There are 2 protein chains.
Amino acid sequence: MSAKSAVAIPSPFRTREEKAREREEKREAVLRAAVRMFNARGFHATSLDDVAASLGISKPTIYHYLGNKEQVLIECVTRGLEMLRAAADEARAGEGNGLARLGYFLRRYGAVIMDDFGACVVRTGDECLSAEGAILFRSRKRDIDLAMRGLIADAVADGSIAPVDVKLAGFTLAGALNWAARWRDPAGALSAEAIAAAQVDLLIAGLAPRG
Amino acid sequence: MSAKSAVAIPSPFRTREEKAREREEKREAVLRAAVRMFNARGFHATSLDDVAASLGISKPTIYHYLGNKEQVLIECVTRGLEMLRAAADEARAGEGNGLARLGYFLRRYGAVIMDDFGACVVRTGDECLSAEGAILFRSRKRDIDLAMRGLIADAVADGSIAPVDVKLAGFTLAGALNWAARWRDPAGALSAEAIAAAQVDLLIAGLAPRG
DNA sequence: GGCGCAACCTACTCATGAGTATAGGAGAGA
DNA sequence: TCTCTCCTATACTCATGAGTAGGTTGCGCC
């Protein structure tokens, strides 16, 4: 696609696209470093100086790539929320009865929540954001909640799960999975997917002895 | 027990015990005001000046009753943890099979978590505390976790619940109930106990259609 | 060569909030 | 009356951390 095809000595001269890609990579790296720290120490307890230092750069560089501290956080939670929304869309478009689609969503939801950006959604309270930011954040979270409720309602409607209170079930299921963002050890033996699957099995079957 | 028995005109002169009780009441009021604000805005985002202002007093008065900001938080979470421990103790000492005792614990656990001090336990991350404080906090929470696991293991052992993975079930149940600290509206129609009971019923029965 | 621009840094400003020094008033006892 | 001990407030200090000003370097383009 360019002159670097045949005897390509890696050139230190960047094309326009390479530059743009590099910029995007750096932005990405800042976000990743920030979300790790936010999750580990909390938003307020993390200074942008610390984030910068962990990347070997200085604070103004962060401001160069992302407007301000809140912007950094908003980008992080937006990533997480997008993944959750994608999971909901896929589940809704999926095959199978209501329970199958709900189960698919819950497994994906759980796995996302154990990702850095997903965990950030859970760990970030409205109080971290400005008034406008909090409104946006709440509304995005509400979309996920409503998607969850929709899937539950569908499953109730087609009889593939018991006729539960949709709202209460939504919060209870979300909470059970959300909490994994707190206790799961990324260095542990089980993958996020495996844990989520086990949790979902438990939530579907319940504690009661199986027939 | 004193001279205030018969024709008691309420005296403005305090006895030694009354003084002590008043001091305790004031301490209590500070704690209650603080925990509300911590829950609403987060620990780091709450200043002791704000807490003091909400009581119509000044910051040094808070320092007079409680050593420093961390001490205030520690007292708050300790209250919550004590309530949870009491619930575990009662459940363990209770009658009935394993499921009955586990169910009792979970209902109490859920109700405590929706209380101001209980919610504080959930909303407080280790990052808010000093190194020593965090160690103490973690170990107290671990006690609760272990109590929960013990009750689950007992119920598995006597066959009153299915043979679940004890650790995973413990975290999943705790998460489902903990999350209520975030979404429940204290002004809502349902009591904390009613919500907890409904959640526990759901967790025991599971989503699967009932036979 | 000179201009413009992107990227990055050093070195600030400035607000906030934890914690303290200090003083003053009020009841209790000598 | 004098003093001691609580209780409480005013008015600080001081560290931290968000955000900014302004300079420097190096590349691409006329």
Side-chain angles (χ1 to χ4, degrees), chain A residues 2-3 10-31 33-34 37-38 40-76 127-130 133, chain B residues 2-4 10-30 33-34 37-38 40-76 127-130 133:
Chain A
S2 74
S11 162
F13 300 91
R14 307 287 134 78
T15 69
R16 200 172 297 274
E17 310 92 63
E18 278 174 331
K19 279 258 194 79
R21 208 174 43 82
E22 262 187 21
R23 186 185 168 91
E24 202 44 49
E25 268 172 29
K26 289 179 184 175
R27 218 179 117 95
E28 191 75 17
V30 171
L31 244 34
M37 283 207 173
F38 289 163
R41 325 217 283 236
F43 178 71
H44 282 294
T46 302
S47 78
L48 289 188
D49 277 314
D50 291 342
V51 175
S54 82
L55 290 166
I57 60 176
S58 68
K59 185 168 55 173
T61 302
I62 295 183
Y63 280 85
H64 179 72
Y65 286 100
L66 296 150
N68 59 26
K69 196 183 180 191
E70 178 171 15
Q71 202 53 221
V72 177
L73 181 61
I74 287 178
E75 286 259 352
C76 289
E127 69 273 4
C128 295
L129 284 70
S130 65
Chain B
S2 74
K4 79 181 268 197
S11 162
F13 299 92
R14 308 286 135 77
T15 69
R16 202 171 297 272
E17 309 93 63
E18 278 173 332
K19 279 253 193 83
R21 208 173 46 81
E22 262 186 21
R23 187 185 167 90
E24 202 44 50
E25 268 172 28
K26 288 178 183 175
R27 218 180 118 94
E28 190 75 18
V30 170
M37 281 205 175
F38 289 162
R41 325 217 283 235
F43 178 70
H44 282 293
T46 303
S47 78
L48 289 189
D49 277 315
D50 290 342
V51 174
S54 81
L55 290 166
I57 61 176
S58 68
K59 184 168 54 173
T61 301
I62 294 182
Y63 280 84
H64 180 73
Y65 287 100
L66 296 149
N68 58 26
K69 198 184 179 190
E70 179 171 15
Q71 201 53 225
V72 177
L73 181 61
I74 287 178
E75 287 259 352
C76 289
E127 69 274 4
C128 296
L129 283 69
S130 65

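To find a chain, count down the sequence lines: A is the first, B the second, and so on, and within it residues start at 1. In this text the structure is predicted, and so the values were computed from the model without any measurement.
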Between [N] ([atom2]) and [X] ([atom1]): distance, integer Å:
X: A:Ile57; N: C:dC9; atom1: CD1; atom2: P; result: 7 Å
X: A:His64; N: C:dC5; atom1: NE2; atom2: C1'; result: 10 Å
X: A:Leu55; N: C:dA7; atom1: CG; atom2: P; result: 16 Å
X: A:Glu25; N: C:dA7; atom1: CD; atom2: P; result: 13 Å
X: B:Lys26; N: D:dA9; atom1: NZ; atom2: C1'; result: 14 Å
X: A:Leu66; N: D:dG19; atom1: CG; atom2: C1'; result: 14 Å
X: A:Ile62; N: D:dT20; atom1: CD1; atom2: C1'; result: 15 Å

Atom NZ of A:Lys69 and atom OG1 of A:Thr46: how far apart are they, to the nearest 0.5 Å?
6.5 Å
Can you give one letter per nucleotide of nucleotides 10-26 of chain C, going 5' to 3': B for a protein heavy atom under 4.0 Å from the base, S for sugar-phosphate only, - for none?
B------SBBB------
OP1 or OP2 of C:dA6 less than 4.0 angstrom from a side-chain nitrogen or oxygen of A:Tyr65, does that happen here?
no
Any side-chain N or O of A:Arg23 less than 4.0 Å from the OP1 or OP2 oxygen of C:dA6?
no
side-chain hydrogen bond (donor to acceptor under 3.5 Å, both in side chains) filter on B:Glu70, not counting sequence neighbours, yields B:Ser130
Across all chains, not counting sequence neighbours, the side-chain hydrogen bond (donor to acceptor under 3.5 Å, both in side chains) partners of A:Asp50 are A:Arg41, A:Ser47
Which residue pairs satisfy the ring-ring contact (aromatic ring centres under 6.0 Å, His included) criterion with at least one member in residues 42-70 of chain B, sequence neighbours excluded?
B:Phe38-B:Phe43
Counterpart residues, salt bridge (Lys or Arg N to Asp or Glu O under 4.0 Å), relative to B:Arg27 (two or more places apart)
B:Glu24, B:Glu75
Those residues that, when tested against A:Lys59, pass salt bridge (Lys or Arg N to Asp or Glu O under 4.0 Å) (two or more places apart)
A:Asp49
